[in-house]
Amino acid sequence: MAAVDNKRQLKIKTGVVRRLSKELVMYEKEVTDGEAKLVQMKENGKDEYDIKKYTEVVAESRAMVPDSRNRLRKAVQDLDILLEDTSLSDAAEYKAAQEIRDTVTV
């Protein structure tokens with residue numbers, strides 16, 4: 001029963017790491033795109049209210065980057081703990097988890 005539970009946990013943690021990794025990339029992209037749009041808005045002389053509101057949007061995205069990075073770091077640590085159990089090394093879930101772990105850097 002423990003092996004089945006570990007396989008299930010591996011699958012869950014792998015999904016969490018995959019999702020948080022994508023989330024971090026999207027927030028970082030949102031910040032860079034937003035900053036570029038802000039520069040463009042200022043150069044085009046857009047309304048100050050619009051610039052102020054969009055600045056707040058970019059600031060919210062910028063604040064999410066460290067939070068996402070911390071959540072990803074914690075999820076990777078949890079996955080690493082599960083990967084220490086090599087008794088499942090022949091399972092597809094273990095191989096998928098190892099593959100995701102090898103691609104994610106924090």
Any salt bridge linking Glu30 with Arg62? Criterion: basic side-chain nitrogen under 4.0 Å from a carboxylate oxygen. no
Check this for me: does any side-chain nitrogen of one of Asp33 and Lys37 sit under 4.0 Å from a carboxylate oxygen of the other? no
Which heavy atom of Lys95 sits nearest a heavy atom of Asp90, and at what distance? NZ-O, 3.7 Å
Can you name the closest pair of heavy atoms from Arg101 and Asp80 and give their distance? NE-OD1, 2.7 Å
Is it true that Leu82 and Val16 fall in one hydrophobic cluster, defined by side-chain heavy atoms closer than 4.5 Å? yes
Would you kindly confirm whether Val31 and Leu72 end up in one hydrophobic cluster when ILVMFWY residues are joined by side chain heavy atoms under 4.5 Å apart? yes
Does Ser21 use its side chain to pair, donor to acceptor, with the backbone of Arg18 at less than 3.5 Å? no
Measure from the side-chain N and O atoms of Ser68 to the backbone N and O of Met64, and report whether any donor-acceptor pair falls under 3.5 Å. yes
Atom [atom1] of [X] and atom [atom2] of [Y]: how far apart are they, to the nearest 0.5 Å?
X: Asp67; Y: Leu24; atom1: CG; atom2: CG; result: 10.0 Å
X: Gln98; Y: Leu83; atom1: CD; atom2: CG; result: 5.0 Å
X: Gln77; Y: Leu79; atom1: CD; atom2: CG; result: 11.0 Å
X: Asp5; Y: Ile12; atom1: CG; atom2: CD1; result: 8.0 Å
X: Leu10; Y: Asp78; atom1: CG; atom2: CG; result: 11.5 Å
X: Glu35; Y: Ser61; atom1: CD; atom2: OG; result: 9.5 Å

List, one per line, each side-chain donor-acceptor pair under 3.5 Å for residues 40-52, sequence neighbours excluded.
residue : atom : partner : partner atom : Å
Asn44   : ND2  : Gln40   : O            : 3.3

Which residues satisfy the salt bridge (Lys or Arg N to Asp or Glu O under 4.0 Å) test with Glu99, sequence neighbours excluded? none
Report the C-alpha distance between Thr14 and Glu93 in whole Å, list the side-chain angles of each, state the deciding distance to 0.1 Å, and finish with yes or no for side chain to side chain contact (heavy atoms under 4.5 Å, CB included). CA-CA 8 Å; Thr14 301; Glu93 292 86 351; over 6 Å; no
Quick one, Val25 and Lys22 - any side-chain contact, counting heavy atoms below 4.5 Å? no
Give a yes/no verdict on a cation-pi contact between Lys7 and Tyr94, requiring under 6.0 Å between NZ or CZ and the six-membered ring centre and an angle within 45° of the axis. no
State which residues pass side-chain contact (heavy atoms from CB on, under 4.5 Å) with Asn70; sequence neighbours excluded, sorted by chain then number. Arg73
